Amino acid sequence: MSLFAAVRLPREILFGKGQRHVIPTVAARLGRRALVCTDERFAATVAFAEIMAALEGASIDVLVHDRVQPDVPRDTVAVCVEVAREFAPDMVIAIGGGSCLDMAKCAALLISHGGLLQDYYGEFKVPGPTLPLIAVPTTAGTGSEVTPVAVISDPDRTLKVGISSPHLIAAAAICDPELTMTCPPGLTAIAGADALTHAIEAFTAVRRGTDPSLPQQHVFIGKSALTDHFALLAIKLLGRSLEKAYRDPADEDARADVMMGALAAGCAFGTAGTAAAHAVQYPVGALTHTAHGLGVATMLPYVMKYNRVAAATEMTEIGLALGLDRRDRSTGEMAGATIDEIGRLFGAIGITPSLAKLGLPADKLDWTAEQALGIDRLIKNNPRPFDLAAMRGLIQAAYDGDLATYVM
């Protein structure tokens, strides 16, 4: 067997309590003028004021854009960039949830290369390096601080769209679990479930082979020994602490585990990619306007059950990482127990158990199946192939909330 792997990550990843205090030191290596992207909620916090004061104390001029909206509407990026160009930043600092980080990636891209955001949709469309980005997440979920992807909402398209390029990877990711301490339980649950879905889909993704040109042609290239390492770490940390952080937001150890889990999941799926749960969420999210993390988590147990025949060994490893006991269990039995544990965990933190309860209209199931099947970059990453009938059956089971009897 020939080992083949690839991983693309920030030049610097800093993790731990109090790491936000080194933002000025890291920024000073990149220049003296920083565009800061955040949202109105975090901009009003004491922590944000302290970070801005520290940057100014380090003689770094700051322009704050605090109007980041959820899901990054396309035209809001142009508004930010128009003002930022006159400021002429040396760097972009993103502080906030996944939308803040994605906004910052898009702003850095347009400031550096011009044009329209839609010029860069897809893979490898970014022609070269962008302004360096310092990514400072305040939620533990998307992993955007370490991934090569920015997702936005385009008013001319029904589904959200992505820009994927190694040039979008942050120069530095600074992850301070203290910044997540004020996240309410509902957000903690949705973000953490998003991270766990990233890790499981990356770990169960197809293995694409050993073609040396693969990483030069695609951003997401399937699972490998390196991405598996990160994915299993994420599963272990999230499995032992996501429910704790949900039930006791002041639990510092649990908060650190969940944030490290989200980071590790980003390190995994940023190269391995995600699969069918994400493919279904794109049309479901467009119709229901529910949070991305909630949608992928709702789908995950059903997708795992569909994939069980093709990924039973991987699901056994996932179960062990979650702390399940394998004694006297066959691989198939262990895979089933793993799916049950994911369902239990998600139920315990309030994840919606069916597409019907997410608000998906009953007359849109066929359309949802067609749209999901058409997202080739995700479907081809799934360990078990799909045709339209299989996708329609998966969505029907998830709509009915029928995990117990769903068999494909």
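Fair warning: this is a prediction, and the values are worked out from it, not measured in the lab.
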Worksheet item: Are the charged groups of Lys125 and Asp119 less than 4.0 angstrom apart, N to O?
Response: no
Discussion item. Taking Asp90 first and then Arg33, would you say they form a salt bridge - that is, a charged N and a carboxylate O separated by under 4.0 Å?
Written reply: no
Worksheet item: What pairs of residues pass the salt bridge (charged side-chain N to carboxylate O under 4.0 Å, His left out) test when at least one of them lies in residues 187-198, not counting sequence neighbours?
Response: none
Worksheet item: Taking only residues at least two apart or on different chains, which pairs with a member in residues 126-143 satisfy salt bridge (charged side-chain N to carboxylate O under 4.0 Å, His left out)?
Response: none
Worksheet item: Who pairs with His218 by side chain to side chain donor-acceptor pair (under 3.5 Å), at least two apart in sequence or on another chain?
Response: Glu123
Practice prompt. Tell me, please, which residues at least two apart from Arg20 pass side chain to side chain donor-acceptor pair (under 3.5 Å).
Written response: Asp176, Glu178
N/O donor-acceptor pairs under 3.5 Å from side chains in residues 233-245, not counting sequence neighbours:
from   : atom 1 : to     : atom 2 : distance (Å)
Arg240 : NE     : Asp257 : OD2    : 2.7
Arg240 : NH2    : Asp257 : OD1    : 3.2
Arg240 : NH2    : Asp257 : OD2    : 3.3
Ser241 : OG     : Asp257 : OD2    : 2.6
Glu243 : OE1    : Arg344 : NH1    : 3.3
Glu243 : OE1    : Arg344 : NH2    : 3.4
Glu243 : OE2    : Arg247 : NE     : 3.2
Glu243 : OE2    : Arg247 : NH2    : 3.4

Fill in: Under 3.5 Å side-chain donor-acceptor pair for Thr142 and Ser144
no
Show the atom names and distances, to 0.1 Å, of all donor-acceptor pairs under 3.5 Å that link a side chain in residues 4-16 to residues at least two apart or in another chain.
from  : atom 1 : to     : atom 2 : distance (Å)
Arg8  : NH2    : Pro215 : O      : 2.4
Glu12 : OE1    : Arg29  : NH1    : 3.3

Worksheet item: Would Asp154 and Tyr121 satisfy side-chain hydrogen bond (donor to acceptor under 3.5 Å, both in side chains), going step by step from the backbone distance to the final call?
Response: CA-CA 11 Å; Asp154 186 323; Tyr121 293 169; 2.6 Å; yes
Fill in: Parallel, tilted or perpendicular, as decided by the 30° and 60° cut-offs, for the rings of His292 and Tyr282
perpendicular
Worksheet item: Quick one: does NZ or CZ of Arg377 land under 6.0 Å from the six-membered ring centre of Phe220, within 45 degrees of the ring axis?
Response: no
